[in-house]
There are 2 protein chains.
Amino acid sequence: MTRTRDRFITATNELFRRYGYNGTSLKQVTEAAAAPVGSLYHFFPGGKTELTEAVIEETGAAYLELFELIADSVADPAQTVEAFFSAAADTLEQTGYIDVCPIGTVAREIANTDDRLRSAASKVFASWAQALAARLCAAGLDQQQAARLATTVICTLEGSFVVGRTSRDADAVRHAGTHLGDLVGACLTSGSQPSRVNRS
Amino acid sequence: MTRTRDRFITATNELFRRYGYNGTSLKQVTEAAAAPVGSLYHFFPGGKTELTEAVIEETGAAYLELFELIADSVADPAQTVEAFFSAAADTLEQTGYIDVCPIGTVAREIANTDDRLRSAASKVFASWAQALAARLCAAGLDQQQAARLATTVICTLEGSFVVGRTSRDADAVRHAGTHLGDLVGACLTSGSQPSRVNRS
DNA sequence: ACTCTAATAGAACGAACGTTCTAGACTCAA
DNA sequence: TTGAGTCTAGAACGTTCGTTCTATTAGAGT
């Protein structure tokens, strides 16, 4: 049996991906983690908020690691983007259209009520964008262009989870990946011949 | 005073945009609508689900109308996309970073629990994509390309709401609009000289 | 003036919520 | 063997949830 704290994180991650933040009760969490509520408050004295913060941070770190792994295994950022979307689409299908990312769901629910969680989610999105931006810089884009393009990719990624899951259509995620991969490719090759994107 | 049913819809729309589906109680709804709970169940006998379905459908129709309005006022689909994102960014700022769209939030919360609402949200996304796809077709894209590109735009739009609101940065939405406008423009001008996008 | 339906009004329901609390069990150094 | 700290265990708390229910009021049609 894995350590209790990890079971809480894993269980909560999956429950958030199905039911969201407010849709997930601590009773569900303790049952899925096979641990009593006393243990939950032992590891997360701050209750649901602290548990959620841990889920956001750990999930954010895990996906960041996955991104670096994919980025290292393909030739250029355009392929990285396409591969990441493709992997997400596979996950979406394989899990029966559970959300790929618990953070986007939770972020939308708590953005106006819990500034600590909002900030945690914001930091995760920024860390992902930063990781991609670094690859874009290495491929020749200047910092500002890279940062903006990377953020747009994260936007499309998160949005494709919403649309793909709601429509039960993983291909929407795959096609979005193709489009964004093309956009990244176009931005990278247009360095010498500035397009509207690069002037903006 | 507006009609009671409309007040319920409006109030619920705004509450969803702040607190999401599960984060919004019917007590909040009745207070914001200044109407008793008896009236709520009079107009929406199906309770919270039926109220939500109405909100999804009416909001979907309203944004569809807004899209057509913007599309008619600019020269081409690329500008339409950029203008729509820009308007959304303005809304985000002006409302103090309340969500621009209640449907995306709600969709993610209920996609695994309420198939009727999921289907309603899916239909709305499809109607938006269809409206944009029609403009893309009129500008020269073939049907499949148009449908896929339009869906990607919707993905990015919804995702930019998540990222923009979480990061309290409306420029993320604007830049996403610029990028997607460029992508649309590129797809439209590459008809004679097929790119990867068009071959996919 | 009367009737009938639409709409208002809010008390009351059982269920579920997040959290707190006390008590017991296990681990390992002293 | 003892004692302290970690972790397990779940009953209990007050609150809030969505919904149901009965009564009352408003207004249009005859």
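Labels below follow one simple rule: chain letters A, B, ... track the order of the sequence lines, proteins then strands, and each chain is numbered from 1. Please read all numbers here as calculations on a predicted model, not as lab measurements.
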[X] [atom1] - [N] [atom2] separation (whole Å):
X: A:L40; N: C:dC17; atom1: CG; atom2: P; result: 14 Å
X: B:R7; N: C:dT8; atom1: CZ; atom2: C1'; result: 11 Å
X: A:K27; N: D:dA9; atom1: NZ; atom2: P; result: 16 Å
X: A:Y21; N: C:dC17; atom1: OH; atom2: P; result: 13 Å
X: B:L26; N: C:dA9; atom1: CG; atom2: P; result: 17 Å
X: A:Q28; N: C:dA15; atom1: CD; atom2: C1'; result: 14 Å
X: B:F8; N: C:dA6; atom1: CZ; atom2: C1'; result: 14 Å
X: A:E31; N: D:dA9; atom1: CD; atom2: C1'; result: 14 Å

Sugar-phosphate, base or nothing in reach of [X], heavy atoms under 4.0 Å:
X: A:T30; value: nothing
X: B:G38; value: base
X: A:Y41; value: base
X: A:S25; value: sugar-phosphate

Q: For the side chain of A:H42, starting at C-beta, report the closest nucleotide among C:dG10, C:dT19, D:dC7.
A: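 Shortest atom-to-atom distance from the side chain points to D:dC7.
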Q.
Quick check on D:dT8: is either OP1 or OP2 less than 4.0 Å from any side-chain nitrogen or oxygen of A:T4?
A.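 The answer is yes; a side-chain N or O of A:T4 sits under 4.0 Å from OP1 or OP2.
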(Q) Pairing donors with acceptors under 3.5 angstrom, does anything connect the side chains of A:T105 and B:R108? (A)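 Yes, a side-chain donor-acceptor pair sits under 3.5 Å.
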Q: Begin with the C-alpha distance, continue with both residues' side-chain angles, and end with the deciding distance and a verdict on salt bridge (charged side-chain N to carboxylate O under 4.0 Å, His left out) for B:R174 and B:E93.
A: CA-CA 11 Å; B:R174 288 194 190 89; B:E93 279 175 347; 3.0 Å; yes
Q: Determine the interplanar angle of the B:F16 and B:Y21 rings, folded into 0 to 90°, and report it as parallel if under 30°, tilted if 30 to 60°, perpendicular if over 60°.
A: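 If you compare the ring of B:F16 with that of B:Y21, the planes turn out tilted.
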Q) Aromatic rings B:F8 and B:F44: how do their planes relate, parallel, tilted or perpendicular, breaks at 30° and 60°? A)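 Geometry flag for B:F44 against B:F8: perpendicular rings.
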